[in-house]
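Note: hydrogens, waters and symmetry copies are ignored here, and every other heavy atom, side chains too, is used. Here is the naming used below: chain letters follow the sequence lines, and residue numbers restart at 1 for every chain.
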Amino acid sequence: MQAKELAPAYSPKDTEEKIYQAWEESGYFNPDNLPPPTAEQAGNRKKTYTIAVPPPNVTGSLHMGHALNATIQDILIRKKRMEGYKTLWLPGTDHAGIATQNVVEKDLKKQGLTRHDLGREKFLEKVWEWKEKYGDIILNQFKKLGSSMDWSRTRFTMDEGYQKAVEQAFHHYHKKGRLYKAEKVINWCTRCQTSLSDLELEYKEEAGKLWYIRYPLSEVKGEKLKVKSEYVVVATTRPETMLGDSAVAVNPDDKRYQGLIGKKVLLPIMNREIPIISDEEIDATFGTGAVKVTPAHDLLDARIGEKNNLPIYKVIGQLGKMTEEAGAGFAGLKIAEAREKVVAELKNQNLIEKEENYQHNVAVCYRCGGVVEPLPSLQWFLKMEELAKLAMDAVKSGKIKFHPQSWEKVYFAWLENVRDWNISRQIWWGHQIPVFYCSKKLEKFKVKSLKFKVDEEYFIVADKKPKQCPICKECEMVQDTDVLDTWFSSALWPFATLGWPEKTKDLKEFYPTQVLSTARDIINLWVSRMIFSGLELAGEKPFTDVIIHGTILTKEGRRMSKSLGTGIDPMVLIEKYGADATRFGLIWQAMGNQDIHWDEAAVMAGKKFANKVWNIARFVLQQTSLTNDPRPTTNGHQKEDKEILEKLAETKKAVESGIDNYDFGPALHTLYDFVWHELADKYIESSKQRQDEGAQQTLNYVLLEVLKMLHPFMPHLTEEIYQDLSGKKQDFLMVETW
RNA sequence: GCGCGAUUAGCUCAGUGGUAGAGCGUUUCAUUGACAUUGAAAAGGUCGGAGGUUCGAUCCCUCCAUCGCGCACCA
């Protein structure tokens, strides 16, 4: 039977959408709907192979990183599916607390409104509306790329079951005594008006000044400071914080200051007597070696303050303005204004010894770029010591492996020095903290001591407000107004998506998952937290292999960014060259763990290659109809036939081990080379002289094998060709025997 | 400051202890039957620098330079 004739050129536009639709209709993306396994697949069918997609933010649209990552995962999933595994690739999105709230707030601002004008409930309605409208955009973009995800299992980090998982996690940590609420110095975004964890900061280089300020010794009563022995010079980039100083610190081994430790200085402007203390954490080589200590507005100073029991003067408020405690002349000023005024005042008093230009980094919010101020705030914390140990052990023991392994260093470096995790955020969009306070006792929380911790008898952890307060039996309980860090819920992704804490069939069958593929910038923000959450809550590691793929940069090696206009939209590439060519271009450049200096030429090469494969198929189908005999007979085989079959076998081996070892780029290069330069340029050319049975059989066989090998990389093209083979054994190449 | 990675053809990148490879670009030739999104051929590299190990180094080691990235208690 003659196969239907193929068009002279491959057209992604006429193919990709049609094929994707057919796949979706087949139901084979869902592991429960796979067709009966072939004899070769049967052994594997008892095993599952699961990947939970890193859920993109609902605010996002697909960028090159997503496209690369999705392609990598699709390659793994498709190969395993063909090998017979029950494969599940679970899609979904993340509610992305701060990011999403910011987007909706921006929308409101156009109408001159703030979230406070609407109130919490109305505002959240708006966010949900926004999510319903735009939240699935990115998932549809995954489809355009050809991702074989099981859409029937799509999850969202705030859907009903997931909420339960988050509550359960909170409950669990609480019962284990891992949660506490305390007023500590945390990172505060003055724009988003919320706390941030250490990982949610970025640093921006800024040209600043280093001021050398004289703090007079209080034992010296003279009006003018002429002699060096009468004052201590401290260096600071932030003179305005001196209003909150409660000590001057030097390194205990610093010979210059030995005689001064224990003495006191009179803090200028504030006229407050503060001690000179010593602390090992002070670097004697910085500035003068003497440092002003502001426990409220610096993380190091906070630690020194705590060790030495220093008083805390909170001089900067949450809006980034000076507080009452900064004194009458400064209260209400913006930080920059206060800085100027403090410097002017000090100059006036001849207390500035000198000023130097100084390049330093200032912390900014990773979501809005706003200024981040360290300041004391009452927050929930998760104790990290034991969880970090769990996470480290899993990797040290080899139960979880990073690919490439060098990233384990980054992982350990963070966990070894990790601080307790500030998990509360002062925003509205997210999982509201499942804590209910006894109203009567709530007042007691409003205390200032850094050591303050909430005693359990003041609140309960519950998913719903109880009718009666179990503590005082009379008040109306109030829920904590904070929400949880978005990463607290993301950390549950691999098991919460499968139904945890319920003991669902899916959880039993598909957890733990096999692979987690992601970019390096969220190794600690997300991966490490998933690992300890999985071990601690689900009782098992969440995955075995962590793939850290390269980052896609511009051709010049710069970060791709929408705001800088250096980004490339994968959807534009798909439109221009097709999804398969785009996938090809991505993987073609994915060599080792190197960052990719993006070159669109690789996508064009992919488009040409797609056409080449198309025409190879066209030639073979013109010659003969495919019988799909897995083992060609050796009758009539000539030297060329044997050679190409040998090379085919070598290629298959290389492609297999390439995919299995997560070396996707080299696998594709090998396959490309075989198809173009061995099969097309040499074998097919020579076979034109023959057209005998041996050549036909060989062509048939090699074509089918090529389609199979290439399918994970370029699924639409290969599927379309497969559909035209008269002797195909399965209804889809997607489920053919690998 | 500590750590990681890179440095190979005009561009983007592979690669190997024994006379260097791909894609794109360039040059020449080839056109009625799979494909011009093609084929055949060619030009083009002292494999960042210096030293070392070795019979032999682009590959291993040391140092240096440049670029990029991460981390840090960035006062």
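- Looking at A/D663, its side chain never comes within 3.5 Å of a backbone N or O of A/P666 through a donor-acceptor pair.
- When rounded to the nearest whole Å, the span between CD of A/Q589 and P of B/G23 equals 14 Å.
- Going from atom CG of A/N361 over to atom C1' of B/G1 covers 13 Å, rounded to whole Å.
- Among the protein residues, A/T236 comes within range of the sugar-phosphate backbone only, with heavy atoms under 4.0 Å from sugar or phosphate atoms but none that close to a base.
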(request) Convert the base pairs of RNA chain B into dot-bracket notation, remembering that pairs crossing earlier ones are written with [ ] and that bases paired across to another strand are shown as |; include only Watson-Crick or G-U pairs under 3.5 Å. (result) (((((((..((((....[..)))).(((((.......))))).....(((((..]....))))))))))))....

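- Using a 4.0 Å cut-off between a side-chain N of Lys or Arg and a carboxylate O of Asp or Glu, A/R367 and A/E202 do not qualify as a salt bridge.
- Here A/Y203 lies in heavy-atom contact (under 4.0 Å) with a base.
- Within the 4.0 angstrom heavy-atom criterion, base atoms lie near A/D283.
- Geometrically, A/K184 engages A/F381 in a cation-pi contact defined by less than 6.0 Å to the ring centre and at most 45° from the axis.
- Within 4.0 Å of A/I282, counting heavy atoms only, lies at least one base atom of the nucleic acid.
- When heavy atoms are screened at a 4.0 angstrom cut-off, A/W211 is found touching no nucleic acid atom at all.
- The closest side-chain donor-acceptor pair between A/T294 and A/K292 falls under 3.5 angstrom.
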